[in-house]
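Take a look at the structure set out below.
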Amino acid sequence: MKKLILILLISCISLCGCWNYTEIEDDSLVSGIAVDPGENGYAYKLSLEIINTPSSEKAENQEPKILTENGNTILECLSQVLNDTSRVLFLSHCKIFLINEEVAKDGIQPLLDVFLRKHDLRLDIDIAIVRGIQAGELLKLKSVIDPIRAYEISRTIQDSSKYLGCAPRIPFWKLVNILSEEGQQLVLPVFEKTEESTDESFALKECAIFQGDRLCGFMSSADGQLYMLLTKQLKETVLNIPVGEGDQKIVLSPEILDYTVEIHPEETENGICFEIQIQSDFVFEEIPPEIELNNQKNIKKMEEQLTEVCSQMMFRSIKFIQSEYQTDIYGFGNLLYRKENRLWKEVGSDWAKIFPTITFTVDWTVKIITNGYANGNIQVK
Amino acid sequence: MKPKKQNKEIRFFSDSSKVLQEQTIHPDKNGIFDLSFLVPTGDLAKDKDHWKTLFSQDATLIDREFTGGKGRLHCCAFFFDGMVKSDIIYDSIIRPIVTCVRGEWFCASDVCSEILFAADAKTESDPAKLTESLLSGDTLLFIDGFREAIIVSSKGFPQRSVEEPGGETALLGPREGFTESLLMNVAMLRRKLKTPDLKIVSRTFGSRSNTKAFLCYLDSLIDPSVLDELQRRLDKVCIDGVLDVNYLLEIIGDGKYTLFRTIGTTEKPDSVAAKLLEGRIALILDGTPVVLTVPYLFVENFQSQDDYYLNYFFASIGRLIRHFSFFLTISIPAIYVALVAFHKEMISSKLALSIAIARDGVPFPLVVECVLMLAIFEILREASTRMPNNVGQTIGIVGALVVGQAAVEAKFVSAPMLIVVAFAGITGLMSPKLKAPIIACRFSLIFLVSFFGFYGYLFGILFLWMYLLSLRSFGVSYTAYMGALGEQKQKDIYVRAPWWYMRTRPDLLSENAIRQHGKRKEEKM
């Protein structure tokens, strides 16, 4: 009897086969997915970047392969790709999802469902918009360092959002959160083709602005930095601040070390008003020769000057977005929803109409922490 | 004439052997002799005859007849050539008797107390004891007219000198190791524990080998129930010969087929002394330098006697590494297979890519590759243990070169697998006492993992823990203290606390748990 049970147990284990067992070299690792408008009447054209696993370690063998298929849904495209390769697609190491601007203008909602449901697609995949070129073509351009384009793009977004703060890093889960949030609009990084000497390459340029799930415009890197600051996503950055008028105009590039942002919504007779208060610590690591920052008096003066300039700069930036695109990327509506819920209940349903009419004030206080070098500027005699 | 004489001689020879064969005494089925005919009769010629019958066809038995006491003492000394020190026999038996001139002797004990110079001599008439003494290297002295024999201790067989044991080398601390001589081993132990509390109880094992053994323990520290249990199990041993403690270990150990040792073995007297001081019991067997200690806990596999001689911080790091490396050595190949074959999404992209590149072109499936490499590692290990020392190094080089570089270059195996197997091998060498369970666990985990991935791994580890928790060593839970709460309980498990902190003995082993009453000087009482 004991033997019988033992035999049954062993056969239970060994006869069921190897559940999910696959050899790693028999899978093709997909590193990036790109979506373009479809050809031949199809809705989408999907391009997959597949990492090449060469037996020899020569550089030309490491070039990833691009597979392209048309289809009416993302999953249809993915399954069509299986016909193009001898190996099974492995999507868990996919790091980037690129969306062509034309596709994004029609709304990105239909593209996203597959990420939520398909088990091997990860929720931390980064999402970016491609402008001026087909997203699939972007993956074929030469990359600067990593031969795998998708990983290069993913690293660029990560580093840029961390050290420069021009564009936010939006993984899939965050994107879904923003889309389903009250009074909050989406901003995504944008990639473009560039000319690096003779080679054609790509780089992160500007940000894409969304109204709902539809792309509605672009904003510059400078506006992107201020957007990141206002939404407290900024970690560190170098700002470009022009000071002075006419011939006296100088561009300063202070680094932001630490900052706080407080926004207070208020109901006035002119509609809803937002009081924006920013306090920031600046560090100078480069000072133009015209400016002396070696004593407290000068520093105080500079602080006052910067306080005024920065406040204006921020005001203009928000005003520009408000009037040009009428989309609430800063999440003012969301703030209202959280802080003044009673008010939000009244205005929330047509916030898109109310947002262009709101007023706001910006009060940016600048404090210079250090000028980096105590002995003043270099004296040329 | 000449040929006839030759024939006669041959006939005589064959005749005598025939006579001897007829007189040979055979033991019963269990190897026990009927020795009643050996009781000393008082007639020297008869006694001599009896003994020669018992040891017929034994070329090494020497019977030395001599007369002393002015012709009044006819003696015969029996001893085995090579097992005695002839100096002792000459100086303390033959010379005193032969040169003795005065005195009246009415019984053997008179001779014993008045004439003999021997350090250890006693009279005895029980044939079984006489035989045992003779066989263990003593000299039997028969004197005509006395119905008792005298046993003179004259043991002097060749023995190894005290050396450092090869299996347990120490960085610091005592370096001596046990030898094959029982008495020498006991002497080494007693030198470390000079107290009448040290009890040494004699036992004999093996119906044909009649191997002597001593049970050693500190009477006031042990748990009597453990001693009772040990005695009871030893009583049940019924085997013809015991050449090493492992014979006993497997017979008296807990669990019929358990891979994990439930009885400790060591070759170091200091280690045994330390274990006796914690309330354990030691069994020293004649003829082997290995000593058994009971009860034995799982954590003792990771404890080294060195830990107590080195700085406590350094020792603790070493012990933590040993604990962790047991987990690593059974898990690493299984986890690697699970990750690469089942859960590729759990490895970072760069690593997945480099593994895929390395695997490309390897003809074997991952599991087969893993099992093959582990098997080759075990083969190399076994070969280097069995080979003579000077050849062992060659095996190392050949193994490293052939299995390592060449196999990777020829795409027989992938480089990451080689690293995994090598790492599993090295971490496995850290706890040599767990060699058998490590191999078993490692391969069964790979087996489970190759069917179920991490799910199987989890089951394997759970089963292993359940199994370990179910084990007992002489009534003490095998995994005792591993999950115990309390600073005094954890002081010597995963780390080794400073000596001033070790105030108590393990309370599951010892009746008398207080080890130190005082405190360190600086601390206020």
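The model shown is predicted, which means the values in this text are computed figures rather than measured ones. A, B, ... follow the sequence lines: proteins, then strands. Residue 1 opens every chain.
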**Prompt:** Parallel, tilted or perpendicular for B:Tyr296 and B:Tyr478, by the 30°/60° rule?
**Reply:** tilted
**Item:** Contact origin within A:Asp27 toward chain B - heavy atom pairs under 4.5 Å
**Value:** side chain
**Message:** With a 4.5 angstrom heavy-atom cut-off, is it the side chain or the backbone of B:Ser348 that approaches chain A, or both, or neither?
**Reply:** backbone
**Fill in**
Comparing B:Leu366, B:Ile355, B:Val337 against chain A, the one with the most heavy-atom pairs below 4.5 Å turns out to be B:Leu366
**Asked** With under 30° as parallel and over 60° as perpendicular, where do the rings of B:Phe260 and B:Phe326 fit, or are they tilted in between?
**Response** perpendicular
**Request:** Could you look at A:Ile148 and say if it's the side chain, the backbone, both or neither that has a heavy atom under 4.5 Å from chain B?
**Result:** side chain
**Request:** Could you list the residues that satisfy side chain to side chain donor-acceptor pair (under 3.5 Å) with B:Glu345, not counting sequence neighbours?
**Result:** none
Please tabulate, for the side chains in residues 426-438 of chain B, all donor-acceptor contacts under 3.5 angstrom to protein atoms that are two or more places apart in sequence or on a different chain.
residue	atom	partner	partner atom	Å
B:Thr427	OG1	B:Phe423	O	2.7
B:Thr427	OG1	B:Ala424	O	3.0

